Amino acid sequence: MTISPSSIEQVIPGQGAMAQPSAAPGRAKRRQFRFIANAKAATGLVILGIYCLFAVIGPWVAPYNPDARSGDVLQAPSLRHWFGTTHLGQDIFSQILVGARSVMVVGLVAGVLATVLSILIGVTAGYIGGAADEGLSALSNVFLVIPALPLIIIVTSIVEQASDTLVALIIGCTSWAWGARVLRAQTLSLRRRDYVEAARATGERTWRIILFEILPNLTAIIASGFVGTVIFAVMSEITLAFIGISSISSWNWGTILFWAQGQQALAQGAWWWFVPAGLAIALLGTALALINFGIDEFVSPRLRSAGRTRIRTADGRTVRMRVGFTPVLAPTPSVPTPRAATTREDVVR
Amino acid sequence: MSDPVLEIRGLRVDYGLGDAAVHAVRDVDLTLHRGEVLGLAGESGSGKSTLAYGLTRLLPPPGVVSGGQVIYHPVDGPPVDVLTLTPAQLRQLRWAETSIVFQGAMNSLNPVHKVSTQLLDVIKAHEPTTTAAGRLARARDLLRLVGIAADRLDSYPHQLSGGMRQRVMIAMALALEPQVVIMDEPTTALDVVMQRQILGQLAELRERLGFAVLFITHDLSLLVEFSDRIAIMYGGRIVEEAPAAQLYRRALHPYTEGLLHSFPALRGPRRELTGIPGSPPDLRAMPEGCAFHPRCPKAFDPCEKKVPALGPPIDGDPGRDVACWLHPAAAPVPH
Amino acid sequence: MRFLLQRTAFYLFTAWAAITLNFFIPRLVPGDPVQSLISRNQGRISADAIESLRVLFGLDANENVWEQYLHYWGQLLHGDLGLSFTFFPAPVSTVIGDSLPWTVGLVGITTIISFLLGTALGVGAGWRRGSWVDGLLPATTFLSSIPYFWLGLVAIALFAGPGSFFPSSGGYEPGLVPAFDQYFIPSAIQHSILPAATILVSSMSGWILSMRNMMVTVSSEDYITVAHAKGLSERRVALSYAARNALLPNVSGFALSLGFIVGGTLLVEIVFSYPGLGYQLFQAVGAKDYPLMQGIFLIITISVLVANLLADVAYLLLDPRTRKS
């Protein structure tokens, strides 16, 4: 389980020249829609869309009741049971479909909560500065350094049979620090920009400056932080279910793995019991990570995979575009000729 | 005039490929002679820095050199076309023959290494047979040459002031006694006093060491003082080239005239400060004909139709070239 | 030096915050867990131990919260973390002392290897843009999206099992006595290969990616162009100029995400029944062994803080700008 370290997040002030150039104000709006044109982001969004769809319709389209036992005990995948069955004859495909809702709800609720907290704390700290900044920064650094997952595990285990909502709240309240830190850094640099200084000099209200001058330019970072938190929240929820802390009465993919592990699915060779849930998690994580790559590349275009790095020149050679050695497409042969006539179609003599 | 040391012929530099390519440098011919200071001036976006990076092949992607020749004449041995060299050959030529002082003194030095490391590694790379002690002695001499105490070798870049950093860069550029030093806005980031000091020192060093300088700046007043010849760039082309004094006395191209009128006279009677109306052309959508015509106060019929060629004008002193329909070439140059 | 003092002060503050948090968490536990323990172990529990547990859970009605807090600190400074319910009557500190070396060995070493290896691969990927390594990035993204514990399950299913070289659980051959001898060490290594590989595979890609991105960003810095202009060898430009600078943000990123990483890797221990802190935490959660859970949380936090401090020292050595002369 990892958080994908995005380049935006890697960049913190104090590393001077490496501070990310964020989109120029004003241009931000026009470019917002071009983000979707990024292939990675588009792929991620489509997959995420499919997951959201299943989160909504999953419980209705599931062929069986995920709790219903049947005589088909530990069946391998078949036409009747696409992903096979459990030791009680429950249909794993239905469990996955029904579980999608819990996973998505917890991921999104925790993501929204953490994002709101990180904006409140990060932007306030960065904008107001002074003692408030010191205090809020120290608070977010503390939350950043304390290992979040063990803390979540302990807090959740105290509450008997924690519900999805509670799990989402606990995760949200413990995972805002990363976003807050990045937002604070970026707000700090935005605050010194001319247009913000100008707005302040003309006596604009603080909340208006934050809302209309600062926040629009933090959109990409906020989005990236949100996606990162959703990844973390989904992983944490599944982990909690897997080790049997959160409520086992409702289905999510971690619950499936919990039963698979508890019933020695591995030893019995019932690979279908844990493979689909794991792949579902990995695919969701990949989709979210792809969205984040898209945001990263959108914010700092240098990161885009170099489109064409090999070029075929007119005389059939292949040259490579790279830093430090500019390719020459058509060098004029014959070195020491005295001012030879070169064709120049657009120059009139 | 002495022999050429660097000849640029028909150099074209683009950003991007195919139809999307932006032509930033268009058919530039320019010759740098041994030991002279050639100034290259123009507004930002005129292509002067692109020219410098293109001819040294240091332009980062998506920059490409799409044609032309850059011929370097070593002191001994046959001339070489820089554009046909393999990376290995190019690496050998770089710094030993042509070194560069870059625009940003702040970011030109590697922040994590000491000054000594960065001075020594270039000597070691090109002259691997030298001894460590010999290299160190050389590095000390170099720093003294630019007026920095030798104990600064152990400093990190962040411990030096902006002026000192640029001096270190100059010392580094001279480390292998190159024939050509390209200076891309070397003093722009510095305050005026520091600028003067460094330029004075440079002039002195050039007297002593005899390297040729291609000095790129947007500040024509600097060039009038410090260079032997001046070339003016606009819209990716050279529009005028003349000995510095002649150019200052009488500019032929209206653009040059505009540039000269955007700073106060150095000596003599006061001139009117007018500047140039409008803004530099968008390289992606260059105007037809002479690129300057939309801003030119003297534009007339042919200007918006045909691009004027660079050549010696009928009405000019010998030794100067201009690309303007007001001063049509006396005899079209044979190239 | 000032930098280090500042950081140390911050970590002390964080440790204090974690300990205080740890003080409050058990007070949320419903009911009286100690009473049920006492009644289950009638007579086998000493008065001292009961007292210590009561302090831990704040069950002493005669004390106000402040007195309880001071009392708790006093107990903590004596290394008394209470008694474990699961391993009764072993004290929590003993249980933790037994499992800590396993975690440090497995999680600590593999995290460092993963960082170093991933960073090295990232240098290659970032320097040679558009090479085949770029094609691997989506695959590594997928791998890093897999939960560690699930990858562990798959690894066991594929590689472990009866007759396989890789044991599917435990930290060493049952029957061996932990000691630095020729029987125990090979067995311990044999048991750690699969969990270590699991952690490596899923944690490395993050480092590859972030280092690649930093390399790409750094490659367009002026000093890289200068290095090329100086005609230095490709290797020297890539390593001494580009990678050396790109490493800095990656190291601080490493320090910052240690808390996340360690949390995830502990789960691998659960899957492999590896006798470290993660597995112990899992068992404690199952048995509602609150003192052990708290103790483990405290130890993990402090370990992460120490690791962070070490990462800061590394950063200090790498970046001359933080060294004040």
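Everything quoted here is computed from the prediction, not taken from an experiment.
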For the residue pair N110(B) and S240(C), what are the closest heavy atoms and their distance? ND2-O, 3.3 Å
Between I100(B) and chain C, with a heavy-atom cut-off of 4.5 Å, which part of the residue counts as in contact: side chain, backbone, both or neither? side chain
Against chain B, label I224(C) side chain, backbone, both or neither, depending on which of its atoms sit under 4.5 Å from a heavy atom there. neither
Are side-chain N/O atoms of D319(C) and Y156(B) paired as donor and acceptor at under 3.5 Å? no
Please state whether the side chain, the backbone, both or neither of S219(C) comes within less than 4.5 Å of a heavy atom of chain B. neither
For a 4.5 angstrom cut-off between non-hydrogen side-chain atoms, does F102(B) reach V226(C)? yes
For Q92(B), is it the side chain, the backbone, both or neither that has a heavy atom under 4.5 Å from a heavy atom of chain C? neither
Does H126(B) form a side chain to side chain contact (heavy atoms under 4.5 Å, CB included) with K230(C)? I'd like the steps, not just the answer. CA-CA 9 Å; H126(B) 289 276; K230(C) 280 159 83 176; 5.5 Å; no
Is any side-chain heavy atom of L232(C) closer than 4.5 Å to a side-chain heavy atom of D121(B)? yes
Do H113(B) and Y223(C) come close enough that some side-chain heavy atom pair is under 4.5 Å? no
Chain B heavy atoms under 4.5 Å from S233(C): which part of the residue, side chain, backbone, both or neither? backbone
If you count heavy-atom pairs under 4.5 Å between each of P111(B), A173(B), S99(B) and chain C, which one has the most? P111(B)
Checking the side chain of H228(C) only, and the main-chain atoms of R91(B) only, is there a donor and an acceptor separated by less than 3.5 Å? no
